[in-house]
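This report refers to the structure that appears directly beneath it.
Note that the coordinates shown come from a computational prediction; the quantities given were computed from them, not determined experimentally. Below, chain A is the first sequence line, B the second, and so on; all start at residue 1.
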Number of protein chains: 2
Amino acid sequence: MDRIDKKLLTLLQQDASRTNADLAAEVGLSPSSCLRRIRRLNAAGVIERVVAVLNPAKAGRSVKAIITVELERHGEQYVRRFLDMAAKEPAVTQAYSVSGATDALLMLRLKDMEELDALTERLFREESNVARYYTTFVIRTGKDTTEIPI
Amino acid sequence: MDRIDKKLLTLLQQDASRTNADLAAEVGLSPSSCLRRIRRLNAAGVIERVVAVLNPAKAGRSVKAIITVELERHGEQYVRRFLDMAAKEPAVTQAYSVSGATDALLMLRLKDMEELDALTERLFREESNVARYYTTFVIRTGKDTTEIPI
DNA sequence: TCGTCGCATGCAATTTTATTGCACAAACTC
DNA sequence: GAGTTTGTGCAATAAAATTGCATGCGACGA
């Protein structure tokens, strides 16, 4: 993982649709050499996947909401069960168990409020071990990226 | 945006490194037709970008933290100013202003605790208009995806 | 210090993939 | 129902990725 690898990772995190020759020129390598580096990064699992990122509004998911959850029973297996259940929901994009006052945090991508209603209905029913939950809405997005500094 | 477009978007959100011919076969189109659809989705901005997603641990960023922030002055321009400042931090992957008891929420990708220390030092200095902030750590990740259901 | 080994590199040939022109068919408009 | 728009598949072409091979550089041990 030298300087060139890091540069490649930065560039690919910003735009993975560029041609290999283009990237090669930018990092100062030949296309073949550049390609071999990228393949190595792929094989090593540093690059986990290459994905298309959609415009949420144009994909009909403009509402972003965050739910913090306090469970009834806090044991590890209960937390895990809740996370598994939450992860199955397509509208849930992130599901974490967290330290602090609450047990879990969910990030949601919603079409409308009805969808939120239906979702909370499913996740927070009587038997679901949830003591309390707090819903907050994202008003403005200052930043939302998948890019990790290397 | 018919059934085929949606299927393409779903597939590309999961893996955008597949060949066009491969995708075309899966959705039941010819390569040329499939390519034109994808290009149309790109041009329309439905597909915002194509990016490489890294393995955080292998990229040396294993700590994920969430900071909720309460500002001193809550006016829109103050919130915006804070978000802009937060967005400039490479370790901040998501920065939102939110409804509810707090004003903003940040999602962080950190190398270690020192980095958190330095970051909070920068973001929450005396003059920064932050009244209070609460840091929580992600213990377990049940789900973390960029995929939006169509 | 010199020789050797391992590894990354660039070039050029090859293979694979993306792209385009074209003719045709379906849907939609007037 | 004629004309227009829009999408489609096929085949040719262009572009890109991939591979084999020879070279060069640095690390390591004799």
Side-chain angles (χ1 to χ4, degrees), chain A residues 1-62 90 111 145-150, chain B residues 1-62 90 111 145-150:
Chain A
M1 268 281 252
D2 59 6
R3 200 183 48 77
I4 294 183
D5 278 344
K6 290 182 183 181
K7 180 139 190 200
L8 278 175
L9 289 174
T10 301
L11 294 173
L12 288 172
Q13 283 191 99
Q14 288 161 6
D15 183 0
S17 70
R18 296 175 65 179
T19 67
N20 179 50
D22 190 13
L23 287 168
E26 182 149 353
V27 301
L29 282 182
S30 71
S32 58
S33 205
C34 180
L35 182 66
R36 276 186 279 252
R37 276 175 182 263
I38 294 174
R39 274 218 292 247
R40 194 161 38 73
L41 291 169
N42 260 298
V46 182
I47 297 176
E48 210 154 58
R49 55 209 326 213
V50 175
V51 302
V53 177
L54 306 193
N55 178 312
K58 291 186 178 161
R61 297 264 158 181
S62 13
K111 200 158 74 278
T145 180
T146 54
E147 188 177 347
I148 307 177
I150 312 296
Chain B
M1 268 283 253
D2 59 6
R3 197 183 51 78
I4 293 182
D5 278 344
K6 290 182 183 179
K7 180 138 190 201
L8 278 175
L9 289 174
T10 301
L11 294 173
L12 288 172
Q13 284 191 99
Q14 289 162 7
D15 182 1
S17 71
R18 297 175 64 178
T19 68
N20 179 49
D22 190 13
L23 287 168
E26 181 148 354
V27 302
L29 282 182
S30 70
S32 59
S33 206
C34 180
L35 181 66
R36 275 187 279 253
R37 275 175 182 264
I38 294 173
R39 276 217 291 246
R40 194 160 41 72
L41 290 167
N42 261 298
V46 181
I47 297 175
E48 212 154 57
R49 54 208 330 212
V50 175
V51 302
V53 177
L54 306 193
N55 179 313
K58 292 187 177 160
R61 296 264 161 185
S62 15
K111 198 158 76 281
T145 179
T146 53
E147 187 178 347
I148 307 177
I150 312 294

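Across the protein-nucleic acid pair, L23(A) atom CG and dA16(D) atom P stand 12 Å apart, rounded to whole Å. The interatomic distance linking D2(B) (CG) with dA26(C) (P) rounds to 17 Å, in whole Å. Computed from coordinates, the I38(A) CD1 to dT18(D) C1' distance equals 13 Å when rounded to whole Å. Put simply, CZ on R37(B) is 18 Å from P on dT20(C), counting in whole angstrom units. Taking atom CG on L35(B) and atom P on dG7(D), their separation rounds to 14 Å, with Å as the unit. Note: CG (D5(B)) to P (dT6(D)) measures 15 Å, nearest angstrom. Look at CG on N20(B): it is 14 Å from P on dC10(D), rounded to the nearest Å. Protein atom CG of L29(A) is 8 Å distant from nucleotide atom C1' of dT9(C), rounded to whole Å.
For R18(A), no side-chain nitrogen or oxygen approaches OP1 or OP2 of dA17(D) to under 4.0 Å. Distances shown here put every side-chain N or O of S33(A) at or beyond 4.0 Å from the OP1 or OP2 atom of dA8(C).
R18(A) and L11(A) get closest at one heavy-atom pair: NH1-CD2, 3.8 Å. Heavy-atom minimum distance, K58(A) versus M1(B): O-CE, 4.3 Å.
Not one N or O on the side chain of Q13(B) forms a donor-acceptor pair closer than 3.5 Å with the backbone of L54(A). Within the 3.5 Å criterion, the main-chain N or O of E48(B) finds no donor-acceptor partner in the side chain of N55(A).
Heavy-atom distances to DNA chain C give each of S32(A) and R40(A) a nearest nucleotide, and the one nearer the 5′ end belongs to R40(A).
Among dG20(D), dC22(C), dT18(D), the nucleotide with an atom closest to any side-chain atom of R36(A) is dG20(D). For R39(B), counting side-chain heavy atoms from C-beta on, the closest listed nucleotide (dT19(D), dT19(C), dA16(D)) is dT19(C).
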